[in-house]
Amino acid sequence: MKGRWRWVMAVEQKERYEQSVLYRIRHSTAHVMAQAVMEMFPGEAKIAIGPPIADGFYYDFDLPRSLTPEDLEVLEKRMREIIAADHEYEYRIISAKEAKELYADQPYKIELIEGLELGGLDEYGEPIDEPPEISIYAHDTFTDLCRGPHVERTSKINPDAIKLLNIAGAYWRGDENRPMLQRIYGTAWESADDLEQYLWRLEEAKVRDHRRLGKELDLFSVSEDVGPGLILWHPRGGMVRKVAEDYCRDEHEKAGYDFVYSPHIGKSKLWETSGHLEWFEENMYAPLEIEDQKYYLKPMNCPFHVQIYKSKMRSYRDLPLRFAEWGTVYRYERSGVLHGMMRVRGFTQDDAHHFCRPDQMPEEIDRVLEFNLKILRAFGFENFQAYLSTRNPEKSAGDIADWEASTQALQSSLDRSGLPYEIDEGEAVFYGPKIDIKMLDALGREWQLSTIQFDFNLPESFDLTYVGEDGKEHRPYMIHRALLGSMERFMGVLIEHHAGAFPIWLAPMQVEIIPIADRHLGHANNIAERLRERGFRVEVDSRSERMNAKIRDAQLQKIPYMLVVGDREVKTDSVSVRLRSEEDLGAMRVDDFLDLISREAVPSV
RNA sequence: GCCAGCGUAGCUCAGUGGUAGAGCAGGCGCUUCGUAAGCGUCAGGCCAAGGGUUCGAAUCCCUUCGCUGGCUCCA
């Protein structure tokens with residue numbers, strides 16, 4: 001549903017889609033919808049573009065008034081009539097002049113035609129290679145500037161397999177300085193069953209939504225009184241985070257990282273030197289005045305780690321140095337972009353900075369990439385998409401030659417890793433190119449977790465040096481990296497990925513002990529104690545409720561193990577094990593259960 | 001930030017100009033039960049906030065705050 005669906009799909013998948021019947025159906029349905037909208041506002045509707053997207057299509061319009069949900073029903077009804085009339089889609093290649101006459105009263109179309117005519121810009125305003133050819137597709141009263149392809153006739157669209165979904169604002173050509181258009185999103189499938197399935201999928205996605213699960217499982221909240229985009233971690237969410245962090249810290253230690261800590265604010269001079277005030281100020285909060293000095297809340301941890309590096313002379317023998325910190329940063333994000341835990345204003349990065357000699361750089365990138373994947377896999381992630389972000393000409397510091405060399409270094413490392421990746425042109429941060437690893441959320445939106453960023457600018461601007469074998473000063477290279485990204489976003493993605501049923505080692509509560517009657521409480525507490533001694537997270541449901549109710553509640557809380565204890569279990573020092581999958585493992589001795597959970601409550605490998 | 005929609009009890013929601021409701025959750029009793037909700041009872045609300053229209057506003061209008069879906073921007 002996101003505009004960037006084009007990049008979410010792998011290239012081959014995208015090409016296959018563009019040749020599919022479904023693609024033509026959706027494209028044609030978009031035209032039918034546009035016709036219905038034109039009829040609703042005769043002479044007043046201005047049409048923009050209407051392409052197929054991942055699970056449907058959209059069309060952008062400039063209209064005299066705002067559309068309402070009721071309008072969608074009217075439009076949908078009219079669309080079915082148009083479809084039923086079985087109009088043919090007629091293709092024609094026309095000259096630019098002819099096209100301009102045809103769309104004399106359609107300013108957006110005129111702009112598109114001029115783009116094609118003058119210099120090969122496609123409908124998104126992006127450059128294209130092929131020589132542009134202007135073509136139109138017409139059916140019934142509607143003629144669209146369009147390169148197709150379409151179905152032959154409107155009757156190829158199944159009237160029971162289309163649905164208009166929602167209305168949204170969208171800037172013309174994605175530029176916030178240009179007019180805001182009204183976008184109608186719709187979906188179209190080959191069969192009513194497919195549509196049904198798709199709608200069901202949307203409902204399913206809502207069930208996995210981390211904001212809903214966050215409430216239901218009591219993991220986190222956002223308080224209006226604290227402020228938007230500021231997360232409060234509840235005990236259960238906090239436990240998941242603690243376990244995740246503990247694991248990561250241990251792994252970092254094994255991987256040769258040092259742990260550092262840094263403050264939340266720093267003098268303006270620091271941020272001037274680092275370039276943040278030049279390049280990142282719009283994301284930084286207003287400074288605090290302390291004794292006539294301006295201090296800024298940190299949006300990144302790097303300048304502090306750089307200062308630690310600079311605190312003494314470094315020898316080539318000391319490198320690489322790897323400073324890790326779970327550093328909490330604050331960034332101003334525009335109010336409309338905030339989204340649960342996924343997009344917030346204060347977050348804790350599992351951040352680290354590597355300082356190394358130029359000759360160590362390739363190995364250092366290889367290592368961090370490998371370490372990165374290992375960590376993500378431990379949390380049950382298998383499918384991610386890597387991107388190589390290249391220089392943004394309008395937002396970059398330093399020499400172009402350095403940019404090229406470092407981009408090349410990252411790319412070779414990606415090639416060596418065998419990880420599939422795509423190039424994100426112009427998406428780099430101001431100080432260097434980066435490798436990003438992204439995950440999809442429940443609704444198919446992608447979120448960036450890991451980032452590995454090359455930096456040749458901070459070593460320069462802070463004049464970082466090490467003494468080489470030759471006794472002279474040399475400039476180290478620097479890598480910024482965050483693997484989980486931010487604990488907040490990671491938690492959000494983790495919740496959705498597992499639909500709230502965390503892997504056993506991460507589950508905030510691992511075992512619920514369910515005594516059948518009060519006389520079984522003693523045995524229940526005894527078992528709980530034995531499990532706690534072994535480091536497991538256990539609680540006894542001692543409420544005056546029926547066993548069924550206790551099971552239901554534990555099930556809803558997605559607690560991995562429910563241990564039912566009644567007369568039979570007390571007699572034999574055993575427990576009846578029920579899993580959250582609803583599987584009933586039957587009775588087993590407490591010691592056997594301890595073996596079971598010890599085997600299962602571990603990170604994936 | 002922009003376009004649109006929404007904001008009623010802790011949660012999910014009904015109420016659309018005439019005395020604020022339900023279910024769940026919570027408190028208190030009773031119940032002691034074998035794999036997804038035992039029964040009863042009590043309490044809980046400045047209807048997001050502020051202003052206006054009206055004899056009368058949860059309901060209509062305006063402003064602000066917050067949330068949701070997009071757009072732009074980003075970990």
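Order of the sequence lines sets the chain letters (A, B, ...), proteins ahead of strands, with each chain counted from 1.
OP1 and OP2 of B/A36 both lie 4.0 Å or more from every side-chain N or O belonging to A/Q555. Using a 4.0 Å cut-off, no side-chain N or O of A/R552 falls inside it from OP1 or OP2 of B/A37. Contact check, A/R331 against B/C73: no side-chain N or O comes under 4.0 Å of OP1 or OP2. Under 4.0 angstrom from either OP1 or OP2 of B/G34 there lies no side-chain N or O belonging to A/H520. A sub-4.0 Å separation between OP1 or OP2 of B/A37 and a side-chain N or O of A/K550 is absent.
B/A22 and B/A9: their P atoms are spaced 14 Å apart (whole Å).
Here the nucleotide nearest the side chain of A/A168, chosen from B/G34, B/G70, B/U32, is B/G70. Of the candidate nucleotides B/U72, B/G38, B/G69, B/U72 has the atom nearest to the side chain of A/R334.
At the heavy-atom level, A/R519 lies under 4.0 Å from the strands shown only through sugar-phosphate atoms. Across all strands shown, A/Q448 has heavy atoms under 4.0 Å from sugar-phosphate atoms exclusively, and none from any base. Counting any heavy atom pair closer than 4.0 Å across all strands shown, A/S66 reaches sugar-phosphate atoms only and no base atom.
With sequence neighbours left out, the salt bridge (charged side-chain N to carboxylate O under 4.0 Å, His left out) criterion links A/D455 to no other residue. Legend: residues meeting salt bridge (charged side-chain N to carboxylate O under 4.0 Å, His left out) with A/E76, ordered by chain and number and at least two apart, are A/R80. For A/L338, the side-chain contact (heavy atoms from CB on, under 4.5 Å) partners at least two apart in sequence or on another chain are A/P228, A/E333, A/R345. With sequence neighbours excluded, the residues satisfying salt bridge (charged side-chain N to carboxylate O under 4.0 Å, His left out) with A/E216 are A/R212. Partners of A/E539 according to the salt bridge (charged side-chain N to carboxylate O under 4.0 Å, His left out) rule, which considers only residues two or more places apart in sequence or in another chain, are A/R236.
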Can you name the atoms? Protein N/O to nucleotides 7-9 of chain B N/O, anything below 3.5 Å, with the distance.
none

Shorter than 3.5 Å, N or O on both sides, protein versus nucleotides 10-16 of chain B: list them out with atom names.
residue	atom	partner	partner atom	Å
B/U12	OP1	A/K215	NZ	3.4

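Judged by distance alone, with hydrogens and angles left aside, A/Y171 brings a side-chain donor or acceptor within reach of the base of B/G1, the pair sitting under 3.5 Å. Side-chain atoms of A/R178 stay outside donor-acceptor range of the base of B/C71, with no qualifying N/O pair under 3.5 Å. With hydrogens and angles ignored, no donor-acceptor pair under 3.5 angstrom links the side chain of A/N548 to the base of B/U35.
Across all strands shown, B/U59 remains unpaired; no Watson-Crick or G-U wobble contact has both distances below 3.5 Å. Pair assignment for B/C39 gives B/G29, based on Watson-Crick or G-U wobble hydrogen-bonding distances that are each under 3.5 Å. B/A4 is paired with B/U68 under the Watson-Crick or G-U wobble criterion, all donor-acceptor distances under 3.5 Å.
For residues 570-580 of chain A, proximity to RNA chain B is found at A/S576, A/R578, defined as any non-hydrogen atom under 4.0 angstrom from a strand atom.
The salt bridge (Lys or Arg N to Asp or Glu O under 4.0 Å) pairs that include a residue from residues 507-521 of chain A are A/R519-A/D567, where partners are two or more places apart or lie in different chains. Pairs of residues two or more places apart, or lying in two chains, that qualify as salt bridge (Lys or Arg N to Asp or Glu O under 4.0 Å) and include a residue from residues 570-581 of chain A are A/R530-A/D573.
With rounding to whole Å, A/Y185 atom OH is found 16 Å from B/G5 atom C1'. For the pair A/D541 CG and B/C33 P, the computed distance is 16 Å after rounding to whole Å.
Taking the ring centroids of A/H497 and A/F381, they lie under the 6.0 Å cut-off.
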Scoring nucleotides 25-30 of chain B by protein non-hydrogen atoms under 4.0 Å (B base, S sugar-phosphate only, - none) yields -----B
For residues 296-306 of chain A, please give each side-chain donor-acceptor pair under 3.5 Å, one per line with the distance, not counting sequence neighbours.
residue	atom	partner	partner atom	Å
A/K298	NZ	A/S262	OG	3.0
A/K298	NZ	A/P263	O	3.1
A/K298	NZ	A/N301	OD1	2.9
A/N301	ND2	A/Q349	OE1	3.4
A/N301	ND2	A/D351	OD2	2.8
A/H305	ND1	A/H353	ND1	2.8
A/H305	NE2	A/E325	OE1	2.7

